[in-house]
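Contents: one structure, followed by commentary.
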2 protein chains.
Amino acid sequence: MAEATPGYELPLQLFAAFRTIIDAAHADLAEAGHPDVKPMHGFVFQAIGARGTTAVELGVRLGVSKQAAGKTIAGLEKQGYVERATDPGDARRKIVRLTAKGIDMLTVSARSFDRIQAQWAETVGPERLAALQADLRALAPGELFRLDVPGWFNGER
Amino acid sequence: MAEATPGYELPLQLFAAFRTIIDAAHADLAEAGHPDVKPMHGFVFQAIGARGTTAVELGVRLGVSKQAAGKTIAGLEKQGYVERATDPGDARRKIVRLTAKGIDMLTVSARSFDRIQAQWAETVGPERLAALQADLRALAPGELFRLDVPGWFNGER
DNA sequence: CCATATAGTAAACCAGGTTGTCGAACATGG
DNA sequence: CCATGTTCGACAACCTGGTTTACTATATGG
């Protein structure tokens, strides 16, 4: 039983699927009043979480340096999605928290991802989707939240 | 039947799987004498193709400006993967062609992708992998060869 | 023959990543 | 109680790759 498809199609299919989800979620976000968010911001907000975080912690979660995390935070702060407050218990730390706008974005994107997942479950059947996710987990184990994507895609090996 | 996983995990899993394949392929490439190629370059080489192209055309295919395409070409030329020749029929154009090294890189990566696919088939079973690919085709229809990935990643919306 | 369009290049800038350095604030051992 | 070490955040310098603007050289069509 030889492969029906050349091996290079598999990564392209995976990426196309990823891209399809991101584009759909982005369409939802633009419609819900967040037209200026970039593809990966939803994941960044997910990593920040409702309880807030710090630059160092965010860097660890995203798999990037604390400086890069700091830059990202600065940018999101300028756009009004997060705010920084000093930690009363530790004057070195600055707690990064989502603003109301950021929380709204997180809510919308979470709802959008759920909607897309449900739609996919409807398309191929819930058990097929569950099998797909189980297989993906088996085939690509490890940390899910590696958002050093630009650096990875263009970067060193 | 609620989803076992939050919806945002699905795109992350898809991307992680994509990234796993790309990383494995580049490990193979490094071993085969191409240690300095980046993930993006596979798309670029695919866009150049065996017949060659020009900077403007490459920019269109990759979804970036002709200047960005020109920069990429310059970098690949310096690394010896492509070469530029003047078009005898139009002195403005410069035809970009893969060198033997570039073609070797394509060959190695194609073999690598086949190997990874076969390994995945072994891991989850050929029929599960076939089902996964069939589902991906159903869920993310449309053009597989959308090479405007560089522009899409960092691009607006 | 000239006006316009196209190919390629260059400069200045931006985004986002890296490493290195540093000061301020905390933690801890002597 | 203080000296030392560590952690957090910030800054600077640099890299890659993208953008816009501007320019030259070459084609091409009215």
Side-chain angles (χ1 to χ4, degrees), chain A residues 36-45 47-48 52-79 81-97 145-157, chain B residues 19 26 36-45 47-48 52-79 81-97 147-157:
Chain A
D36 50 355
V37 287
K38 292 183 183 178
M40 304 306 269
H41 278 151
F43 299 127
V44 177
F45 289 4
I48 294 174
T53 182
T54 67
V56 167
E57 201 178 29
L58 185 61
V60 171
R61 284 190 200 166
L62 298 181
V64 300
S65 65
K66 62 179 181 176
Q67 292 89 336
K71 280 193 191 179
T72 301
I73 291 167
L76 291 175
E77 189 179 31
K78 198 178 298 178
Q79 291 187 277
Y81 284 107
V82 305
E83 59 191 0
R84 271 184 277 202
T86 60
D87 185 335
D90 187 337
R92 292 168 307 176
R93 312 179 74 210
K94 288 194 180 169
I95 302 188
V96 180
R97 242 183 256 99
F145 273 88
R146 298 170 66 195
L147 292 195
D148 55 336
V149 178
W152 169 78
F153 197 64
N154 307 333
E156 325 297 308
R157 78 182 87 279
Chain B
R19 184 168 172 161
H26 279 271
D36 48 357
V37 287
K38 301 171 187 172
M40 203 195 71
H41 288 153
F43 287 91
V44 177
F45 286 5
I48 293 174
T53 183
T54 68
V56 167
E57 202 180 27
L58 184 61
V60 170
R61 287 191 198 162
L62 296 179
V64 300
S65 66
K66 62 178 182 177
Q67 294 89 336
K71 279 193 194 178
T72 302
I73 291 168
L76 290 175
E77 189 180 31
K78 198 178 297 177
Q79 292 187 279
Y81 285 106
V82 304
E83 59 192 359
R84 272 184 279 201
T86 60
D87 185 336
D90 187 337
R92 293 171 306 177
R93 311 180 73 210
K94 291 192 181 170
I95 302 188
V96 181
R97 242 184 254 100
L147 297 179
D148 57 334
V149 178
W152 179 80
F153 249 136
N154 305 346
E156 323 293 308
R157 84 177 84 276

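In this text, all values refer to a predicted model and were calculated from it rather than measured experimentally. The basis for the numbers below is simple: all heavy atoms, side chains too, and nothing from hydrogens, waters or symmetry mates. Just so it is clear: chains get the letters A, B, ... in the order the sequence lines come, proteins before strands, and each one is counted from 1.
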Q) Going from OG1 on A/T53 to CZ on A/R97, what distance comes out if it is rounded to the nearest 0.5 angstrom? A) 11.0 Å
Q: State, with a plain yes or no, whether a side-chain heavy atom of B/V96 is found less than 4.5 Å away from one of B/E77.
A: no
Q) Counting just side-chain N and O atoms, does B/S65 come under 4.0 Å of either OP1 or OP2 of D/dT19? A) yes
**Q.** DNA chain D: 5'-proximal contact among B/G89 and A/T54 (nearest heavy atom)
**A.** A/T54
Q: Compare side-chain N and O positions of B/R84 against OP1 and OP2 of C/dT9 and report whether any pair is under 4.0 Å apart.
A: yes
**Q.** For atom NE2 of B/H41 and atom P of D/dT16, their distance in whole Å
**A.** 11 Å
(Q) Looking at the base of D/dG17, is there any donor atom on it, or on the side chain of B/Q67, that sits under 3.5 Å from an acceptor on the other one? (A) no
Q) Expressed in angstrom and rounded to an integer, what is the separation of B/F43 atom CZ from D/dG17 atom P? A) 15 Å
Q. Base, sugar-phosphate, or nothing: which does B/A68 touch, judged by heavy atoms less than 4.0 Å apart?
A. base
Q. Roughly, in whole Å, what's the span from CD1 in B/I73 to C1' in D/dG18?
A. 15 Å
Q) Which of these, B/V44, B/V64, B/L58, sits in a side chain to side chain contact (heavy atoms under 4.5 Å, CB included) with B/T72? A) B/V44
Q) Should B/T72 be listed as having a side-chain N or O under 4.0 Å from OP1 or OP2 of D/dG18? A) yes
Q.
Under 4.0 Å from OP1 or OP2 of C/dT9: is there any side-chain N or O of B/K94 that close?
A. yes
Q: May I have the distance from B/Q79 (atom CD) to D/dG17 (atom C1'), rounded to whole angstrom?
A: 14 Å
Q: Would you mind telling me which residue lines up with the more 5' stretch of DNA chain C, A/A69 or A/A91, judged by nearest nucleotide?
A: A/A69
Q. How does each nucleotide of nucleotides 1-6 of chain C score, in 5' to 3' order, for protein heavy atoms under 4.0 Å: base (B), sugar-phosphate only (S), or none (-)?
A. ----BB
Q.
Just N and O in the side chain of B/K71: are any of them under 4.0 Å from OP1 or OP2 of C/dG8?
A. no
Q: Could you tell me which non-hydrogen atom of B/I73 sits nearest to which non-hydrogen atom of B/A55, and how far apart they are?
A: CD1-CA, 3.8 Å
Q: Quick one: closest heavy-atom pair of A/V56 and A/K66, and the distance?
A: CG2-CD, 4.0 Å
(Q) Rounding to an integer number of Å, can you tell me how far B/K78 NZ sits from D/dC15 P? (A) 12 Å
Q: Find the distance A/R93:CZ to D/dT7:P and express it as a whole number of Å.
A: 13 Å
Q.
In this structure, how many angstroms lie between the P atom of C/dA27 and the CG atom of A/D87, rounded?
A. 11 Å
(Q) Has A/R61 got a side-chain atom pairing as donor or acceptor with A/A47's backbone, closer than 3.5 angstrom? (A) yes
Q) Please give, in whole Å, the distance from C/dT19 P to A/K66 NZ? A) 12 Å
Q: Provide the closest heavy-atom pair for B/L62 versus B/F43 in the form atom of the first, atom of the second, distance.
A: CD2-O, 4.1 Å
